[in-house]
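Comments concern the structure below.
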Amino acid sequence: MVKFNYDVIVVGAGHAGCEAAAAAANLGAKTCLVTMDMNKIAQMSCNPAIGGIAKGQIVREIDALGGYMGIVTDRTAIQFRMLNISKGPAMWSPRAQCDRGKYIWTWREVLDQIPNLFIWQDQAKDLIVQKGKAIGIKTYLDVEIYAKSIVITAGTFLNGLMHFGRTQLPGGRVAEPASLCLTESITQHGIISGRMKTGTPVRIDKRSVHFDDMEIQNGENTFHKFSYISEERKLKQLPCWTFNTNEKVHQILRDNLKESPLFNGQIRSIGPRYCPSIETKIVTFADKDQHPLFLEPEGENTNEMYLNGFSSSLPIEVQINALKQIPALRDMEIYRPGYAIEYDYFDPTQLKHTLESKIVENLYFAGQVNGTTGYEEAAGQGLIAGANAALKCVGTKELILGRDEAYIGVLIDDLVTKGVDEPYRMFTSRAEYRILLRQDDADMRLTEKSWNLGLAKNDRYQYLQEKKREIDKIWKFCQDFSIKANLINTALEQIGTTPLTRGCKLFDLIGRPQVTINNISEHIPSFKSMLNSIPNRKEEIIEAAEIGIKYKGYIERERQVAEKMQRLENIRIKGVFDYSNLQSLSTEARQKLIKIDPVTLAQASRIPGVSPSDINVLLVLMGR
């Protein structure tokens, strides 16, 4: 039998696996990335897009930490948009359509250039555990690979079962085999698993589409990008298209619900609430006579298009007949139908905040195996798991992000504290400190922390220092520069804001909604000259400085709230109490605290079923 030895093994090369392997290797760990197909690394199994509401913030955080999803997205983007731009900056979320094929090969190029990172094409079959510690894996090629830490990022492949109407096929993705045996090899050590479901829509040949019957949706050509260190986008920018279903479509779907695996009992696992199938939509929203659809390009030079909004597991002929009732798709030709897939996941409350198992030491989980949905959520977990797997090898400090530090911190805390009963998707509403977690300042929040660990490299750190210096210069100028009413009022009227009755500082003037750094600098030559002296990423720096000025009061107030909660985060309770003997707690609180075994009092306060009075009991018992 062939045997290999590494510091870290990463099983699965999806979005979580790629970030996990890259993070581990960049921290100096000799890393083996195990994948069943080297030509499908970082495959976009569903939508060929990165980012979106809250997801875009996660990608910027990955980039700020030294990850690669943002860089790869910028290099392969064929349309970029900043969502929610009409709202406050806490809601702004970048999103990009990508060339699916180029995305895979760009990721492959990135991984090939990382020292200490090696790829092995094979399939994991068994987890090797000795004395409660994971020490390696066995593969289908009868190879044993040993390591100090192991990261499982198997996506939807664990006992994956695809549903095309009543036709069922084993697989992790269409035309790709399922991963069998590995779940059972893991659960035999006491780790609990469950089943979840997700789905994907039909892929359409654009040559058969009547685009005149759709509304075009162009991207943006602005300075915004995902990565703080990327160059300008290189690929041709393409439009997306939007249109609606209609009552004829809905009637065909309703007439065939008995053939849907979601409604005939064939699928019993829970699907994503916030990305429902089209058959779920017509049942849940029975009063709606139409639903929006989006036709999105799969690549710069391909005819394949993705039909966003029409995820379905109905029989192939039903999907085709229904879609042909839409005028734009009346002559539609498809590459493949939509389908649903069921797969295994592991209860994430069995994990520490490092994403290491509480049950089997040195074993980490990331991505959809933790009950999440989405490339971005997976990649964020992968980076944290991979980094901590490498740090565990040398016994140094762990990488844990707080809820006030990152959406990734919110995501992981939600998973390990609350668990999941449906595929977890990130939203801005899940973050109680979203004014602190904006997409524009992810590098300000995270890069120095990552650099101190050795994860973010020196180029990112130097960019951050330059950005801080330039923002400080803008703030100081604005705080020091006095505005005289008689010299600026004509300009203020042109801008569309109320004239001044007396002088003020420029800083206060920029706080007005109608006033921006760019439009006011046109009337203050010394200010404009200072802005023009910014050497790199001028627009990004000006935008970040302006957001900080306009929202200064809100940011400071939210920071104060976060600091108050931090007091509870600093009260460690792990190992302090025998909850089963604390009769002053409610029965539900005792059960939940025993199961989760929270590290801090703040984490305990976020556990569903643990009330404020239960927290007060613990505080009293600790003499607080």
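The SG atom of C240 sits 7.5 Å away from the CD1 atom of I78 when rounded to the nearest 0.5 Å. In this structure, the separation between CD1 on I549 and CD1 on I517 is 4.5 Å, given to the nearest 0.5 Å. Expressed to the nearest 0.5 Å, how far OH of Y463 lies from CD of E540 amounts to 10.0 Å. Taking CE of M91 as the start and OG of S429 as the end, the distance is 7.5 Å to the nearest 0.5 Å. Interatomic distance, CD of E304 versus CD1 of I334, reported as 11.0 Å (0.5 Å rounding). To the nearest 0.5 Å, the span separating OG on S521 from CG on N532 amounts to 8.0 Å.
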Q) How far apart are the C-alpha atoms of Q381 and L355, what are their side-chain angles, what is the distance that settles it, and do they pass the side-chain contact (heavy atoms from CB on, under 4.5 Å) test? A) CA-CA 8 Å; Q381 293 172 70; L355 296 181; 3.8 Å; yes

(Q) As a quick check of understanding, evaluate side-chain contact (heavy atoms from CB on, under 4.5 Å) for M530 and I474, giving each step before the final call. (A) CA-CA 8 Å; M530 188 270 286; I474 294 173; 4.1 Å; yes

(Q) side-chain contact (heavy atoms from CB on, under 4.5 Å) for F310 and V249? Distances and angles first, verdict last. (A) CA-CA 11 Å; F310 204 89; V249 174; 4.2 Å; yes

Q.
I'd like to know whether T200 forms a side-chain contact (heavy atoms from CB on, under 4.5 Å) with S45, so could you lay out the CA-CA distance, the side-chain angles of the two residues, the decisive distance to 0.1 Å, and finally the verdict.
A. CA-CA 8 Å; T200 192; S45 305; over 6 Å; no

Q: Check the pair R81, E296 against salt bridge (Lys or Arg N to Asp or Glu O under 4.0 Å), reporting the backbone distance first and the verdict last.
A: CA-CA 13 Å; R81 296 175 65 207; E296 303 168 341; over 6 Å; no

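Ion pairing of R403 with E432 is present here, as a side-chain N (NZ or NE/NH1/NH2) and a carboxylate O approach within less than 4.0 Å. A salt bridge is absent between K505 and D508; no separation between the charged side-chain nitrogens and carboxylate oxygens falls under 4.0 Å. Between R207 and D205, at least one side-chain nitrogen of the basic residue sits less than 4.0 Å from a carboxylate oxygen of the acidic one, meeting the salt-bridge criterion. Using a 4.0 Å cut-off between charged side-chain N and carboxylate O, E298 and R336 make no salt bridge. Here R559 does not pair with E556 in a salt bridge; the nearest charged N to carboxylate O distance is not below 4.0 Å. No salt bridge links D472 with K476; every basic N to acidic carboxylate O contact stays at or beyond 4.0 Å. A salt bridge links K449 with E405: at least one charged nitrogen is closer than 4.0 Å to a carboxylate oxygen.
Looking at heavy atoms from C-beta onward, D441 lies out of side-chain contact with I547 at the 4.5 angstrom threshold. A heavy-atom distance below 4.5 Å is found between the side chains of I555 and L436. Residues L506 and D480 form no side-chain contact, since every pair of their non-hydrogen atoms from C-beta on lies 4.5 Å or further apart. Between V420 and M196, some side-chain heavy-atom pair lies under the 4.5 Å cut-off. Proximity of Y375 to M69: side-chain heavy atoms (C-beta onward) are separated by under 4.5 Å at one or more points. Looking at heavy atoms from C-beta onward, Q79 lies out of side-chain contact with P297 at the 4.5 angstrom threshold. Side chains of L329 and M214 form a contact here, defined as non-hydrogen atoms less than 4.5 Å apart. Contact check for T428 versus N84: no side-chain heavy atoms found under the 4.5 Å cut-off.
In this pair, F80 and F226 present their aromatic rings perpendicular. The plane angle is above 60°, beyond the 30 to 60° band. Ring pair F477/F481 is parallel by interplanar angle, where below 30° counts as parallel and above 60° as perpendicular.
A donor-acceptor pair is defined here as one N or O able to donate and one able to accept, closer than 3.5 Å; no such pair exists between the side chain of N519 and the backbone of V515. Judged by distance alone, the side chain of D413 and the main-chain N or O of G409 form no donor-acceptor pair under 3.5 Å. When atom types are taken as modelled, the side chain of Y339 and the backbone of V174 share a donor-acceptor pair closer than 3.5 angstrom. Under a 3.5 Å cut-off, the side chain of T242 and the backbone N or O of L293 do form a donor-acceptor pair. The main-chain N or O of Y68 is found under 3.5 Å from a side-chain atom of E19 such that the two form a donor-acceptor pair. Listed for the N489 side chain is a donor-acceptor partner under 3.5 Å among the backbone atoms of L500. With E61 contributing its side chain and I408 its backbone, the two residues share a donor-acceptor pair below 3.5 Å. The backbone N or O of A442 sits less than 3.5 Å from a side-chain atom of Y228, completing a donor-acceptor pair. A distance-only check finds a donor-acceptor pair linking the side chain of W475 to the backbone of A545 [under 3.5 Å]. Between the D213 side chain and the F243 main chain, no donor and acceptor come within less than 3.5 Å of each other.
Judged purely by distance below 3.5 Å, without hydrogens or angles, the side chains of S227 and D63 pair a donor atom with an acceptor atom. R75 and T106 form no side-chain donor-acceptor contact under 3.5 Å, judged by distance and modelled atom types alone. Under 3.5 Å, the side chains of S93 and Q439 contain no donor-acceptor pair of N or O atoms. Residues R460 and T447 have side chains that never bring a donor and an acceptor to within less than 3.5 angstrom of each other. In this model, no donor atom of one side chain and acceptor atom of the other lie less than 3.5 Å apart for S230 and R233. In this model, no donor atom of one side chain and acceptor atom of the other lie less than 3.5 Å apart for N301 and K236. Using a 3.5 Å distance cut-off with no hydrogens or angles, the side chains of T372 and E377 do not pair a donor with an acceptor. For the residue pair N221 and Q237, no side-chain donor N or O sits within less than 3.5 Å of a side-chain acceptor on the partner.
The 12-atom threshold is not exceeded at NZ of K87, counting heavy atoms of other residues, nucleotides or ligands nearer than 6.0 Å. No more than 12 heavy atoms of other residues, nucleotides or ligands lie within 6.0 Å of CD in E215, so this atom counts as exposed by the packing criterion. For Y335, the OH atom counts as densely surrounded, since its 6.0 Å shell holds more than 12 non-hydrogen atoms of other residues, nucleotides or ligands. Atom OH of Y554 sits in a sparse spot, with 12 or fewer heavy atoms from other residues, nucleotides or ligands closer than 6.0 Å. The local environment of CZ in R330 is crowded, with over 12 non-hydrogen atoms from other residues, nucleotides or ligands closer than 6.0 Å.
The side chain to side chain contact (heavy atoms under 4.5 Å, CB included) search around I104 returns Q43, not counting sequence neighbours.
The one candidate from K468, K473, K467 that meets the salt bridge (Lys or Arg N to Asp or Glu O under 4.0 Å) condition with E470 is K473.
A cation-pi geometry, defined here as NZ or CZ lying under 6.0 Å from the six-membered ring centre and within 45° of its normal, holds between R430 and Y424.
Between H15 and Y103, the gap from one ring centroid to the other is short of 6.0 Å.
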